[in-house]
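Taking it in order: structure first as structure tokens, then the write-up.
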2 protein chains.
Amino acid sequence: MTSATILIVDDETAIREMIRVGLELAGYECLEASNAQDAHGIIVDQRPDLVLLDWMMPGTSGLELLRRLRRDELTRDLLVIMLTAKDDEDNRVQGLDVGADDYITKPFSSRELMARIKAIMRRSTNRDEEESIEVAGLKLDPSSHRVFVDATPLDMGPTEFKLLKFFMTHQERAYSRGQLLDQVWGTNVYVEERTVDVHIRRLRKALQTELRDCGLLIQTVRGTGYRFSTTGVCA
Amino acid sequence: MTSATILIVDDETAIREMIRVGLELAGYECLEASNAQDAHGIIVDQRPDLVLLDWMMPGTSGLELLRRLRRDELTRDLLVIMLTAKDDEDNRVQGLDVGADDYITKPFSSRELMARIKAIMRRSTNRDEEESIEVAGLKLDPSSHRVFVDATPLDMGPTEFKLLKFFMTHQERAYSRGQLLDQVWGTNVYVEERTVDVHIRRLRKALQTELRDCGLLIQTVRGTGYRFSTTGVCA
DNA sequence: TTAAACTGTCATAAAATTGTCACTTAAAAT
DNA sequence: ATTTTAAGTGACAATTTTATGACAGTTTAA
């Protein structure tokens, strides 16, 4: 496996050092930048595989840099993990919307950081599989972000879409509410497990066309969670 | 669900109390320690599921204790959430690499603490993949949490599922009701032994398809208990 | 800015599961 | 053949776990 290159952007030298040591130990190649300007140059020039970007920095903020990266066609798909301080937490949602692939709150453990990096990279490796998935007469098209049953588009919210996508790519297996939260909502999002039930309901409702109102696709696994299965669907 | 045990380590009694009340209200069992020495003893002795560890304490610091825990094979995987005060934040770089599973900065809301605990615990419950077991035309698949006879899924309750799973992994041997209670229901659960009979019946019923109504799989061992056996099945 | 769309939580209704009984049936023991 | 003891069953009420509808706070789009 070709070792990935990671750019660390943080104005605090100590933090950069700490992270770098850990990453290099784990076999990653590291680049560093202490401000957004340098970072941008390095990104364009060296094309790292992933950027660890501090939220707060003197001058151009990490947030601003992220926005710029996402605007540019060349850097749009760059993986970015935002490093936020506790105080910034309120803004994290905003950060994700701008398009960070993940964020991690300082202070964090190297364990956690490593786990996130691996998770993100793994996810991106499969990014080519953005072909539409088709299961049980259901077609999910990631690029257009829509779901069809036969030719008619179904209407559902973003969360339901993500949930369905996860289910369609992980069929025939039971997942606990906790696992679904991790997989669909993302790690480090604190949401009640019961919320999953509600979205399951919304998804079931959305999938329920006049024709196919057999709600058997998303099955309840009592005491455990839910399962997406085509077995036993529509007699 | 078995409630988890959490050890609270903080030198301030008031804080421990506050946390304990909240956790117990949420159904967790709590242990307390006011210093690192005691904490270590309790950890080794009682093996809590998670430790809330104050960073700053007189004597051995929480940081030092965490280091020690991570060094020891027996406590390496223990979940630890560090409680840090605002003032400690300067030192956080030091702690980044010690390997706490999460950090939370004082003062924090009980809601936040609860959320983190839940998140951490569910993430750690990464049960490894279990192979599906197949016996006598019966297939039990742990990952999908289902049982099939040929290709048709069988319907049964959680307890019956656990019972069947136990039997399928412990064939050809007689178990007393008491042993079954221990193995399937879990130790220290007060349930009448005769209850086993009822669940055995329910399981037998569930396994009884139109085709295979030979209830010989689960055999009665008079005066002793039950046995799962493939010998003498379906004449 | 307003209206429409989403989200996460609750409270409450609905279902499914559980442990026990009381009673029947089957197997040993007398 | 009777009596005794163990196991099989159907019925229940209590308890758990899910399903749902309603809401209030937010975000998004027009």
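In the text below, chain A, chain B and the rest are named by the order of the sequence lines, each starting its count at 1.
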With [X], which residues qualify under side-chain contact (heavy atoms from CB on, under 4.5 Å), at least two apart?
| X | answer |
| --- | --- |
| Arg202(B) | Glu160(B), Val198(B), His199(B) |
| Phe166(A) | His170(A), Tyr175(A), Leu180(A), Gln183(A), Val184(A) |
| Thr220(B) | Arg204(B), Tyr226(B) |

Could you tell me how far apart [X] ([atom1]) and [N] ([atom2]) are, to the nearest whole angstrom?
| X | N | atom1 | atom2 | value |
| --- | --- | --- | --- | --- |
| Lys205(A) | dT20(D) | NZ | P | 8 Å |
| Ile200(A) | dA19(D) | CD1 | P | 8 Å |
| Asp155(A) | dA4(C) | CG | P | 15 Å |
| Leu203(B) | dA7(D) | CG | P | 17 Å |
| Ile218(A) | dT18(D) | CD1 | P | 15 Å |

Output all residues satisfying side chain to side chain donor-acceptor pair (under 3.5 Å) with [X], sequence neighbours left out; order by chain, then residue number.
| X | answer |
| --- | --- |
| His40(A) | none |
| Thr169(A) | none |
| Arg222(B) | none |
| Glu32(B) | Arg16(B), Arg20(B) |

- Task: Five pairs at each end of the helix from dT1(C)-dA30(D) to dT30(C)-dA1(D): take the axis at both ends and give me the angle between them to 10°.
- Result: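 Inter-axis angle at the ends, rounded: 30°.
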- Task: Mind jotting down which residue pairs meet the salt bridge (Lys or Arg N to Asp or Glu O under 4.0 Å) criterion with at least one end in residues 162-174 of chain B? Sequence neighbours excluded, please.
- Result: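 Sorted result for residues 162-174 of chain B: Glu130(B)-Lys165(B).
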- Note on the structure: Readout for nucleotides 19-27 of chain C: B = base within 4.0 Å of protein heavy atom, S = sugar-phosphate only, - = neither; 5' to 3' it is BBB----BS
- Message: For Asp150(A) and Thr152(A): C-alpha separation, side-chain torsions, deciding distance, then whether side chain to side chain donor-acceptor pair (under 3.5 Å) applies.
- Response: CA-CA 6 Å; Asp150(A) 296 322; Thr152(A) 40; 5.6 Å; no
- Task: Please determine which of Leu78(A), Leu53(A), Val51(A) meets the side chain to side chain contact (heavy atoms under 4.5 Å, CB included) test together with Leu66(A).
- Result: Leu53(A)
- Task: Give me the residues of residues 160-179 of chain B where at least one heavy atom lies under 4.0 Å from an atom of DNA chain C, by number, or none.
- Result: Glu160(B)
- Item | Toward the 5' end of DNA chain D, by each residue's nearest nucleotide, Arg201(B) or Asp197(B) | Asp197(B)
- Message: Please tell me if Thr220(A) has a side-chain N or O lying less than 4.0 Å from either OP1 or OP2 of dA19(D).
- Response: yes
- Pairing residues for Asp49(A) by the salt bridge (charged side-chain N to carboxylate O under 4.0 Å, His left out) criterion, not counting sequence neighbours: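 Listed in chain order: nothing, the list is empty.
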